[in-house]
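These notes concern the structure reproduced below.
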Amino acid sequence: MLLEMAADDFGDRVAFVDPVADSSITYAELLAAARTAAQAVHDSGAQRLAMLDVSNLAIPVGLFAAGWADVPYVPLNYRLTEAEIDALLERITPAYLVTDIARMTAFGERKGVAPTSRGDFLAMARGGGGEGGEDYRSMDPDSVGVLLFTSGTTGAPKAAVLRHKHLVSYIFNSVEFGAADEEDAALVCVPPYHVAGIGAVLSSVYSGRRVVQLANFSPEAWIEIARTEKITTAFVVPTMLARIVHALEGQESAHMPHLQSLSYGGGKMPLAVIERAMKLFPDTDFTNAYGLTETSSTITVLGPDEHRAAAGSQDEAVRRRLQSAGVPLPGIEIEVRDDEGRALPTGQRGEIYVCGDQVSGEYEGRGSTVGADGWFPTRDAGYLDEEGYLFLEGRADDVIVRGGENMSPGEIEDVLLEHGAVEDAAVVGVPSVEWGEAVVGAVVLKATTTETELRDWVRQHLRSSRVPERIEFWQELPYNETGKLLRRVVKERLDAS
């Protein structure tokens with residue numbers, strides 16, 4: 001339905017651009033290709049359309065073809081090992097698999113998998129002109145639109161179920177139809193198997209925006225494409241923005257007056273990075289977006305006005321909001337609760353709960369984790385300030401318990417990041433005979449300092465129990481490709497040293 005609306009209103013507009021392949025597709029062509037591909041998926045007998053590939057034109061064609069064929073769309077993480085991908089494929093068969101030609105040998109012989117290469121898939125879809133594309137849509141809002149596998153850091157990946165009603169609710173509550181001008185262009189560099197990648201496709205189509213796909217991120221490539229394509233809006237994760245800022249080091253401006261808006265999310269944004277970015281992009285509106293796979297993407301937003309107000313304020317409480325996730329979108333409610341599920345007052349840290357029509361909270365084969373009261377436990381920790389701004393403090397499971405006292409690693413990391421010599425910081429708890437868990441940390445430096453100086457710095461700002469017993473200096477901290485700190489890896493490494 002979203003694509004049909006776009007094709008009816010601005011069918012001749014370019015919808016997606018793949019600069020690597022030097023190819024593009026209009027909205028009318030995308031609708032026709034999706035209809036043709038849907039027929040092929042239906043004829044194959046597959047019950048899922050799986051996509052194992054980097055960003056390219058096959059991604060939007062596959063997503064909308066799956067909807068047209070009334071089968072779930074399942075993007076797979078192409079960075080996984082062959083054995084890990086095999087395990088996921090086994091869970092979604094019979095599947096119609098679209099992948100790059102280099103992987104056809106590895107996955108083309110799997111039982112229950114009907115494989116096709118990206119090139120063949122696009123040639124078939126674009127060569128049919130939409131002919132023979134029967135409409136197999138159920139139009140049932142409870143039909144499954146997308147299955148997204150979680151990262152699986154604590155066990156086998158779970159398949160989050162996003163139904164059409166969840167995805168469409170997110171779009172209707174956050175995007176204005178046809179709001180983009182014909183010259184507007186979005187630069188998308190998040191992986192297509194991430195919920196932000198799904199959201200980027202759907203929101204761009206509904207707004208009528210041209211999408212330029214960046215399959216493999218590097219700050220140099222991002223800057224070049226943003227300039228040559230006259231990009232007007234983009235989304236990055238914090239680690240990407242940090243690398244872009246670093247690549248522009250020594251420059252007074254990024255020289256991108258055409259970049260109207262820049263959204264970021266997927267992890268905690270260091271204050272120094274966003275402050276420097278706002279100076280490099282003075283004509284750009286910044287937005288912080290927080291969401292989860294289980295909530296069909298964004299649920300809270302810190303908008304451009306809030307960014308400017310916080311950056312220019314002398315009030316420390318207002319200034320701190322630059323590190324917040326903002327306030328809920330329309331149709332979304334947020335609560336912070338304690339271990340017993342009771343709502344906590346302003347300023348107290350606990351687990352973040354969310355309620356709204358776009359919230360799924362469901363996993364295939366495991367049912368829903370949404371409570372009888374309609375609230376979903378995110379497993380993220382944080383707190384709300386007196387104006388309702390949400391501050392994130394990592395995963396609820398990351399809480400350090402030292403001598404019976406619960407403490408947030410994010411609180412200690414924030415203090416470390418305020419030190420002028422610290423570029424990045426991670427704090428975790430490791431087993432301790434005396435305390436149960438000991439507070440330890442790893443930092444990346446941008447100037448010379450000592451462990452003693454940093455420990456004294458924390459002691460000056462927090463209670464002594466929160467001072468790390470040990471701080472190591474690392475060249476870099478481990479992050480995944482979507483910008484999330486791999487705290488488990490940090491913990492294992494610090495525990496072993």
Side-chain angles (χ1 to χ4, degrees), residues 1-19 22-34 55-57 59-61 63-64 167-168 170-190 192 196-214 221-236 240-241 244 253-265 277-278 280-289 297-298 301-308 326 329-330:
M1 180 186 70
L2 301 181
L3 177 56
E4 283 181 306
M5 292 173 67
D8 285 345
D9 274 47
F10 27 81
D12 291 338
R13 283 192 191 180
V14 173
F16 290 82
V17 177
D18 180 353
D22 193 23
S23 58
S24 63
I25 190 168
T26 67
Y27 280 102
E29 291 169 341
L30 177 57
L31 176 60
S55 289
N56 61 80
L57 298 188
I59 300 298
V61 173
L63 175 61
F64 289 108
L167 296 162
V168 172
Y170 163 63
I171 296 301
F172 283 176
N173 285 332
S174 61
V175 183
E176 181 182 350
F177 177 69
D181 293 330
E182 191 163 359
E183 64 272 15
D184 284 353
L187 178 53
V188 174
C189 55
V190 289
I198 300 293
V201 171
L202 296 178
S203 59
S204 294
V205 165
Y206 194 62
S207 64
R209 189 174 288 111
R210 172 170 55 98
V211 177
V212 180
Q213 299 170 307
L214 177 58
W222 190 94
I223 292 168
E224 180 182 359
I225 290 178
R227 288 172 175 167
T228 57
E229 294 284 346
K230 296 290 190 293
I231 296 298
T232 57
T233 186
F235 177 87
V236 294
M240 290 177 179
L241 186 57
I244 292 167
S253 167
H255 302 294
M256 297 183 197
H258 46 79
L259 186 63
Q260 300 170 10
S261 62
L262 183 60
S263 300
Y264 60 92
M278 291 178 71
L280 286 167
F281 298 87
D283 304 312
T284 301
D285 288 339
F286 283 83
T287 298
N288 184 7
S297 197
T298 305
V301 164
L302 184 74
D305 290 342
E306 289 84 355
H307 272 78
R308 294 190 179 96
L329 285 174

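Note that the structure is predicted; figures quoted are calculated from it, not measured. We're numbering straight along the sequence, starting at 1.
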Using side-chain heavy atoms (C-beta onward) and a distance below 4.5 Å, is [X] in contact with [Y]?
X	Y	result
Leu30	Leu3	yes
Phe172	Leu2	yes
Met256	Thr284	no
Val205	Phe16	yes
Thr233	Asp184	no
Arg13	Glu182	yes
Pro19	Glu224	no
Val201	Phe64	yes

Problem - Intermediate values then yes/no, side-chain contact (heavy atoms from CB on, under 4.5 Å), Asp18 and Asn56 - result: CA-CA 6 Å; Asp18 180 353; Asn56 61 80; 3.6 Å; yes

Just how far is it from atom [atom1] of [X] to atom [atom2] of [Y], taken to the nearest 0.5 Å?
X	Y	atom1	atom2	value
Ser263	Asn288	OG	CG	9.0 Å
Thr228	Ile223	OG1	CD1	12.0 Å
Glu229	Leu187	CD	CG	8.5 Å
Leu262	Asp283	CG	CG	13.0 Å
Ser24	Arg210	OG	CZ	9.5 Å
Leu302	Phe286	CG	CZ	12.0 Å

Looking at [X] and [Y], what are the two nearest heavy atoms and their distance?
X	Y	answer
Val168	Met1	CG1-CE, 4.4 Å
Phe235	Ala196	CE2-CB, 4.1 Å
Ala277	Leu241	CB-CD2, 4.0 Å
Ile25	Ala33	CD1-CB, 4.3 Å
Ile231	His258	O-ND1, 2.8 Å
Val190	Ser55	O-OG, 4.0 Å

Problem - Pair His307 and Phe281, ring centroids less than 6.0 Å apart - result: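 No - the distance between ring centres of His307 and Phe281 does not fall below the 6.0 Å cut-off.
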
Exercise for the section: Verify the neighbour count for atom CD of Glu176: are there more than 12 heavy atoms of other residues, nucleotides or ligands below 6.0 Å? Expected result: no

Handout entry: Flag if over 12 foreign heavy atoms under 6.0 Å of CD, Glu4
Key = yes

Exercise for the section: Using atom types as modelled and distance alone, determine if a side-chain donor or acceptor of Arg227 lies under 3.5 Å from a backbone N or O of Ala254. Expected result: yes

Practice task
Tell me, with the steps shown, if Leu202 and Tyr170 meet side-chain contact (heavy atoms from CB on, under 4.5 Å).
Solution key: CA-CA 10 Å; Leu202 296 178; Tyr170 163 63; 6.0 Å; no

Practice task
Begin with the C-alpha distance, continue with both residues' side-chain angles, and end with the deciding distance and a verdict on side-chain contact (heavy atoms from CB on, under 4.5 Å) for Met240 and Trp222.
Solution key: CA-CA 9 Å; Met240 290 177 179; Trp222 190 94; over 6 Å; no

Exercise for the section: Decide yes or no on side-chain contact (heavy atoms from CB on, under 4.5 Å) for Ser174 and Thr298, but give the supporting numbers first. Expected result: CA-CA 9 Å; Ser174 61; Thr298 305; over 6 Å; no

